[in-house]
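The structure appears below as structure tokens.
What you see is a predicted model; the values in this text were computed from it and never measured.
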Amino acid sequence: MERRPDTRLGEWLAAGADVRKPMCPSRLVLEHVTSRWGVLVLAALLERSFRFSELRREVGGVSEKMLAQTLQTLERDGFVDRDAKPVIPPRVDYSLTDLGREAAEQVWALARWSERSLDAVDAARTAYDARKESGASA
């Protein structure tokens with residue numbers, strides 16, 4: 001089944017994409033690269049290329065089905081390259097495209113920031129919960 005290009009995408013590009021607009025196609029791209037598994041797959045592939053089973057171990061906690069779906073989505077969006085070698089047994093390697101490397105660097109920076117900010121987030125949550133608790137008992 002051949003996919004036809006979305007003609008509305010051209011309209012959005014001509015008008016200037018704006019992720020803040022509800023129907024902007026960039027929201028879907030943002031969803032793909034910032035999904036739980038999208039971030040972790042992109043981050044892993046920043047290091048090197050992986051075979052499917054290696055990538056699954058590297059990411060940790062992802063089901064085969066979810067990893068396959070995530071890779072297919074990222075490949076369709078142009079972030080991941082799937083290199084199937086015609087050997088026995090079959091060998092498929094996944095790596096980042098130039099566009100994928102750019103996206104991966106951005107989401108990896110956000111992931112690392114979240115790691116560094118855990119103490120501040122925990123303090124904010126504790127303060128919030130204390131305010132809610134004192135307001136509920138008053």
Show me the side-chain donor-acceptor pairs of residues 87-113 shorter than 3.5 Å, one per line, residues at least two apart or across chains.
{"residue": "Arg91", "atom": "NE", "partner": "Asp93", "partner atom": "OD2", "Å": "3.0"}
{"residue": "Arg91", "atom": "NH2", "partner": "Asp93", "partner atom": "OD1", "Å": "3.3"}
{"residue": "Asp93", "atom": "OD2", "partner": "Lys85", "partner atom": "NZ", "Å": "3.4"}
{"residue": "Tyr94", "atom": "OH", "partner": "Arg82", "partner atom": "NE", "Å": "3.4"}
{"residue": "Thr97", "atom": "OG1", "partner": "Gly78", "partner atom": "O", "Å": "2.5"}
{"residue": "Thr97", "atom": "OG1", "partner": "Phe79", "partner atom": "O", "Å": "3.3"}
{"residue": "Thr97", "atom": "OG1", "partner": "Leu99", "partner atom": "N", "Å": "3.4"}
{"residue": "Thr97", "atom": "OG1", "partner": "Gly100", "partner atom": "N", "Å": "3.0"}
{"residue": "Arg112", "atom": "NE", "partner": "Glu115", "partner atom": "OE1", "Å": "2.7"}
{"residue": "Trp113", "atom": "NE1", "partner": "Ser117", "partner atom": "OG", "Å": "3.3"}

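- Within the structure, salt bridge (charged side-chain N to carboxylate O under 4.0 Å, His left out) contacts touching residues 23-47 (residues at least two apart or in different chains) do not occur.
- In this structure the side chain of Val39 never reaches within 4.5 angstrom of the side chain of Val33, judged on heavy atoms.
- Cluster note: Val121 groups with no other residue, as no ILVMFWY side-chain heavy atom lies under 4.5 Å from it.
- Open room surrounds CG on Asp119; 12 or fewer heavy atoms of other groups in view lie less than 6.0 Å from it.
- When the side chains of ILVMFWY residues are joined at heavy-atom separations under 4.5 Å, either directly or via intervening members, Val29 and Trp37 end up in a single hydrophobic cluster.
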Donor-acceptor pairs under 3.5 Å, side chain of residues 56-72 to any protein atom, not counting sequence neighbours: which ones?
{"residue": "Arg56", "atom": "NE", "partner": "Val62", "partner atom": "O", "Å": "2.9"}
{"residue": "Ser63", "atom": "OG", "partner": "Met66", "partner atom": "N", "Å": "3.0"}
{"residue": "Thr70", "atom": "OG1", "partner": "Met66", "partner atom": "O", "Å": "2.8"}

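- Taking Arg20 as the reference, Asp18 meet the salt bridge (Lys or Arg N to Asp or Glu O under 4.0 Å) condition, with sequence neighbours excluded.
- With sequence neighbours left out, Leu118 forms a side-chain contact (heavy atoms from CB on, under 4.5 Å) with no residue at all.
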